[in-house]
Structure formats: C-alpha cells, structure tokens
Amino acid sequence: MDPGRFTQVDATTWRVDPWGAMRVPAIIYADENLIRDMDNKVYDQAVNVATLPGIVQACYAMPDAHWGYGFPIGGVAAFDPDRGGVVSAGGVGFDISCGVRTMLTGLAVADVLSVQKSLADSLYHQIPAGLGSRGAITLDALEMDAMLIGGARWAVERGWGEARDLERIEEEGCMAGAQPDWVSERAKERQRREMGTLGSGNHYFEIQAVAAIYDLAVADVFGLVQDEVVVTIHCGSRGLGHQIGTEYLREMLVAAKEAGIELPDRELACAPINSEVGRRYLGAMRAAINCALANREILGHFARRIFAHFFPNCDLRLLFDVSHNTCKVEPHIVDGRRRELFVHRKGATRAFGPGHESLPAALRMVGQPVLIGGSMGTGSYVLVGEATSEAKAFSSACHGAGRALSRHAALKQWSGRQTVDDLEKEGILIRSPSMRGVAEEAPGAYKDIGAVVAAAEHAGLARRVARLRPLICLKG
DNA sequence: ATGTTC
C-alpha cells in the first residue's frame, strides 16, 4: 500500500490518526518496503479494530501483518473491561493458541546430517500430520476435561512430557480459568483423536541448525550454540479451537447487536468482556489454550522418543513454548496507570522484556525467548523480548514471515514436487502428506523474514538472538 | 487455521 496513507513517526512506525469512528490511532510497525508490499486490507482492518468499544491506546499491526478474518493477522489490540471493552473470537483467530516451541538437542549439525534421510522418514511415519490427522491417543469425556483444564501439566502427568518443561511454557503449561463446560460436545468430539497431531497449513515440525548468532550473551543464556541442532514445532489447538472459534463467532454476531455495538465489518463480531457470551467465550478459549499447550507438549515428547532412537544419549531441553493466537488478561501501564487489559494477539507473539515476573528465573534477567517461525526454505529466528515493547505494543512482536501471496496464487506459481526437489538441493529435506500443501507453503509465498525481524528489532518490539536454518521439515 | 461446505 501507499506509505502516504500514514503519518510516518520514524523509519519503522506508521500511524493513522483517528478519523471517523476510530477511538484510538492505528499503528503499523514495518519498514517502508514492507509497508509498500502490505495489502491495503491491513490498513482497513486495523482502522476497523480501532473503532471497537473499550480499545485502549492504539490498534497495532506487526511487520508481518497481512489480511485476516476481521482482525489482521499480526494484529494486537487491548481492551479495558471497565470501559465497555470487548472480546472477539476473530481477534484471537480460529486456531486458538497456535504457537511455537523450540527444543535444544545439544547435537552438532554433522550428527544429524549423518542420519538426515532416515530421521526425516522416521518423523514422517511417527508424527501424524495433515488435515484430519489422528493420533495414537484417544480421550474419553473425563480425560478430555482433564486435558482442557490441565494443559501441558496434564500431558506431563500422563507421561507425555517432563516436569522440567513446565516453567518454560507460557502460563507454566496450564492456563487458569479454563471452562470445559463451555466447550461444545462437537468441539470435544472433533478433538477426541487429535492430540499429538500436527495439523495442516503452516504448521510444521522442523529440525534446524543454529545458523547465526546475533547476541552471544543472550544466546548463551538460551543455550543456543552456533552449528548445534534444535527442534521447532509450530501447531495449535486443531479441530477443537477451530470449532470453538466458529461457534462463538456466530454467537458474538448476536451479542454485539444486542449490546448495541456498531460493527464496521461483520467479521469483527465481539461481545462485551463483562457479558454472558464474553465470559463463556473466555472460558472456552482458555480451555483451547490448554489443548494447544498439551498438544505441543505431546509432540515434544514424540520428538524425544524419535531422537532417543537415533541418538541414545541425547537430552532434549525445552527452550520455550509461546502462543501467538490468544486473548490474555495482563496488567499494562496506560496513561500512567496500571490497568488489567484483555490483550488480543492474533498472529502476534507475546514478548515480555527483561525482569518480567512471569519468566522463569533462568531467563528473567534477559527476557522472554520470542520464537519466530519462518517458511520452509528461509528458516526462523529466535528473538528476545525488549523492555520497550511494553509501551510499543503491550509487549508483543511479530510471529513469522507472514504470507506475501495467497494460497491460491502460490498454487498457480509453484508445484509441491518441484519445491521439495529444489529444497533438497539446498540440503533441506521436506516430508509432507500433501504436495498441494507444500506448494501453498513454498518459500516464495512468504515475505522476507529477515526484513520482518529487522523491522521488529528497529521498532523496539524484540531483539535478534539467533537465526535457525531448516535441515528437515515435516509439513502438515 | 479447519473432518478444505452447516
């Protein structure tokens, strides 16, 4: 879009001053090239979100922002319940608590390269991936509720994970306030056989090499070492989260109307936080957060099982596990006053800076690991939260490269088989049940992740620590 | 993202 539509504040800050029904400004953090490549829809959607009741400070878009359902993907918006603030299913996203975890292996790249192909095949055969994939775990009604309340803690109690993981997971692996009773039977039924599965779309299970270190001191605290191998898992709450999103979106259309909220776009359906539907959604959404945390913990357990087969002395340690599709109650300073806000992050990663009380002791001094998933070919980044992000975007950062081309456009431009062959020549092994999915996820369909994280760093959202290069990628 | 259309 045309940068001229904004008031440029600095090289990576672009503001839309309130006009029309906007209650607060809209602010996009990106460099000029990213703004030029960004769809006009991001502007429209950020402006629309800024009209919602109870929104505080500003509506933000991250450098990887693109068009989404109602809210932009890469959007951050915080609402004050005491000022009529709302909660919106479209502001969280359909894949509730979709997120990323990175595990340290301590292995050298050479160790993995010596078994690269058989390791790739093993992942493909042992990790259920793809649309409608089902796992070895089936939950009855009692276990479903226990999982929705316990999250990763539940997984650890059942032997699918390790207790030491929990302090390295957002909410220590267990989101409080989950209400399984407010999750429909249909949502639970869809999830009954989907625990420990990857899903499809942009979800992946990757074995990566630490390709570059930007901040040696923080990398040392994180345990990231040049040319060592890590495992990164990107997935969410599968069918359960999607079903909850679908059902509450419909309810919120009615709730918004009843509350007299003017919606500039039906897709912004929302309910007052202090309303029956709002409270029910929050309880169900928190249950879905636990589902995603449990799912990633189980997949981490599978990673350990597979690595133990190839490398008997290998010990996989969790660096961190963080979601990028949530609504969280957090204290933030607004207008010099501490307020409890409902922070929607949709395709935006929580990025707490140094000293934050929720971080484990081993990380508190440096800040939260901010895990940024890239595309299959171009790799990923680990950033660290910055104190400045609190005032810039309620302690949030980008979540990935962000799509540059639609799935449809990508399908027209690339073939899945050719993409796999091209990446194999670069030493990257792709395994996927869907060649169509691989084509949709071709590296060229994504923005330049290097430019995205550089812009995030310049804007003071988070700082680069390391770049990760894929060696093996299991795609859903 | 998604039993890719309740």
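Convention: sequence-line order gives letters A, B, ...; per-chain numbering from 1. These numbers come from a predicted model, not from an experiment.
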Name the nucleic acid region contacted by [X], choosing base, sugar-phosphate or nothing; use a 4.0 angstrom heavy-atom cut-off, strictly under.
X        : result
A:Arg407 : sugar-phosphate
A:Glu194 : sugar-phosphate
A:Gly245 : nothing
A:Gly201 : sugar-phosphate

Subject >> Residues that A:Ala409 engages under side chain to side chain contact (heavy atoms under 4.5 Å, CB included), provided they are two or more places apart >> reply: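 Side chain to side chain contact (heavy atoms under 4.5 Å, CB included) list for A:Ala409, sorted by chain: A:Leu405, A:Ser406.
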
Subject >> With sequence neighbours excluded, residues passing side chain to side chain contact (heavy atoms under 4.5 Å, CB included) with A:Ile149 >> reply: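 Side chain to side chain contact (heavy atoms under 4.5 Å, CB included) list for A:Ile149, sorted by chain: A:Pro180.
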
Integer-rounded Å distance: [N] [atom2] and [X] [atom1]:
X        : N     : atom1 : atom2 : answer
A:Ile244 : B:dT2 : CD1   : C1'   : 13 Å
A:Arg134 : B:dT2 : CZ    : P     : 14 Å
A:Gln243 : B:dT4 : CD    : P     : 11 Å
A:Glu185 : B:dC6 : CD    : P     : 19 Å
A:Asn295 : B:dT2 : CG    : C1'   : 14 Å
A:Arg250 : B:dT2 : CZ    : P     : 18 Å
A:Leu249 : B:dT2 : CG    : P     : 17 Å
A:His242 : B:dT4 : NE2   : C1'   : 9 Å

Original post:
Can you tell if the side chain of A:Met435 reaches within under 4.5 Å of the side chain of A:Val420, non-hydrogen atoms only?
Top reply: yes

Subject >> Residue-level proximity of residues 369-379 of chain A to DNA chain B when a heavy atom falls under 4.0 Å >> reply: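 Contacting residues: none.
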
**OP:** Name all pairs fulfilling the salt bridge (charged side-chain N to carboxylate O under 4.0 Å, His left out) condition that reach into residues 231-243 of chain A, sequence neighbours left out, sorted by first residue then second.
**Re:** A:Glu194-A:Arg238

Contacts table for residues 70-77 of chain A: side-chain donor-acceptor under 3.5 angstrom, sequence neighbours left out:
none

**OP:** Verify the contact: side-chain N or O of A:Ser200 to OP1 or OP2 of B:dT2, cut-off strictly under 4.0 Å; return yes or no.
**Re:**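 So the side-chain polar atoms of A:Ser200 do come within 4.0 Å of the phosphate oxygens OP1 or OP2 of B:dT2, strictly under.
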
Original post:
Is A:Glu330 salt-bridged to A:Arg350, cutoff N-O under 4.0 Å?
Top reply: no

**OP:** Would you kindly compare A:Glu441 and A:Leu131 by the position of their nearest DNA chain B nucleotide and give the one closer to the 5′ end?
**Re:** A:Glu441

Original post:
In chain order, what residues pass the salt bridge (Lys or Arg N to Asp or Glu O under 4.0 Å) check against A:Lys475, with sequence neighbours excluded?
Top reply: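 In terms of salt bridge (Lys or Arg N to Asp or Glu O under 4.0 Å), with neighbours along the sequence ignored, A:Lys475 is linked to A:Glu441.
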
